[in-house]
Amino acid sequence: FGRRYVQKDDEIVITWLEHHANIVPWQLLCSEKGARLRVAPVDDSGQVILEEYEKLNPRTTLQHGGLSVVYATPNSTTRWRVESLFQKEPVTIDWIAGFRETDVLVDVGANVGMYSVWAAKTRGVRVFAFEPESQNFALLNRNILMNGLGPRVSAYCIALSDVAGL
């Protein structure tokens, strides 16, 4: 798994509760790939201290045409979304590839901003991203910030529908 997916500058996050038999392979892989091994703090009961974990800011970077596109990957689901970006919806990626800088993308149900960020960063388009779920909205904004896309991407924590009313 690690040799296939871990890339230079990726971060592997473990806790000090890991057995050394699990830590050593990660250390070797990080050394081989140029990744970083980070330790998430835990409290006396063995629970990850979420506030401190957030400060670790795990992320995954994709390279495209000389550009780096960075995504926050605080869990396996967001990591999978980055890893499967090109396989999950190849038609969407192809569609975005045809955008011109003067185009505008309205991303309804933007989730964590996979396509909003990709379009803004790789094609230079203006994006309006709508995501009603608060945790996804938080990651969407983190992804916008990490890629320096504040002037190009506007995010709104609101649901849109084709039906009037609440």
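Position 1 is the first residue of the sequence, and the numbers go up from there.
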(request) Mark yes or no for whether Ser84, through its side chain, and Trp80, through its backbone, hold a donor-acceptor pair below 3.5 Å. (result) yes
(request) Report the distance from atom CD of Glu83 to atom CG of Leu62, rounding to the nearest 0.5 Å. (result) 9.0 Å
(request) Please confirm whether the backbone N or O of Val70 pairs with a side-chain atom of Asn147, one donor and one acceptor, at under 3.5 Å? (result) yes
(message) Walk me through whether Ser68 and Gln63 qualify under side chain to side chain contact (heavy atoms under 4.5 Å, CB included).
(response) CA-CA 5 Å; Ser68 294; Gln63 301 295 325; 3.0 Å; yes
(message) Surrounding CG of Leu67 (heavy atoms of other residues, nucleotides or ligands, distance under 6.0 Å), is the total greater than 12?
(response) yes
(message) Quick one: does any side-chain atom of Glu52 pair with a main-chain N or O of Pro41 as donor and acceptor, under 3.5 Å?
(response) no
(request) Ignoring hydrogens and angles, tell me if any N or O in the side chain of Tyr115 forms a donor-acceptor pair with the backbone of Ala110 under 3.5 Å. (result) no
(message) Testing the 3.5 Å rule here: is there a donor-acceptor pair between the side chains of Gln47 and Asp43?
(response) no
(message) Strictly below 4.0 Å, N to O, side chains only: are Glu32 and Arg3 in salt-bridge contact?
(response) yes
(request) Determine the sole option in Val39, Leu37, Ile23 for which the side chain to side chain contact (heavy atoms under 4.5 Å, CB included) test with Ile12 is passed. (result) Leu37
(request) Please state whether the rings of Phe86 and Trp118 are parallel, tilted or perpendicular, taking 30° and 60° as the class boundaries. (result) perpendicular
(message) If only side-chain N and O atoms count, and only distance matters, is there a donor-acceptor pair under 3.5 Å linking Thr73 with Thr60?
(response) yes
(message) Can a side-chain donor-acceptor contact be found between Ser154 and Arg126 if the only test is distance below 3.5 angstrom?
(response) yes
(request) Give the minimum heavy-atom separation between Phe99 and Asp103, together with the two atoms involved. (result) CA-OD2, 3.3 Å
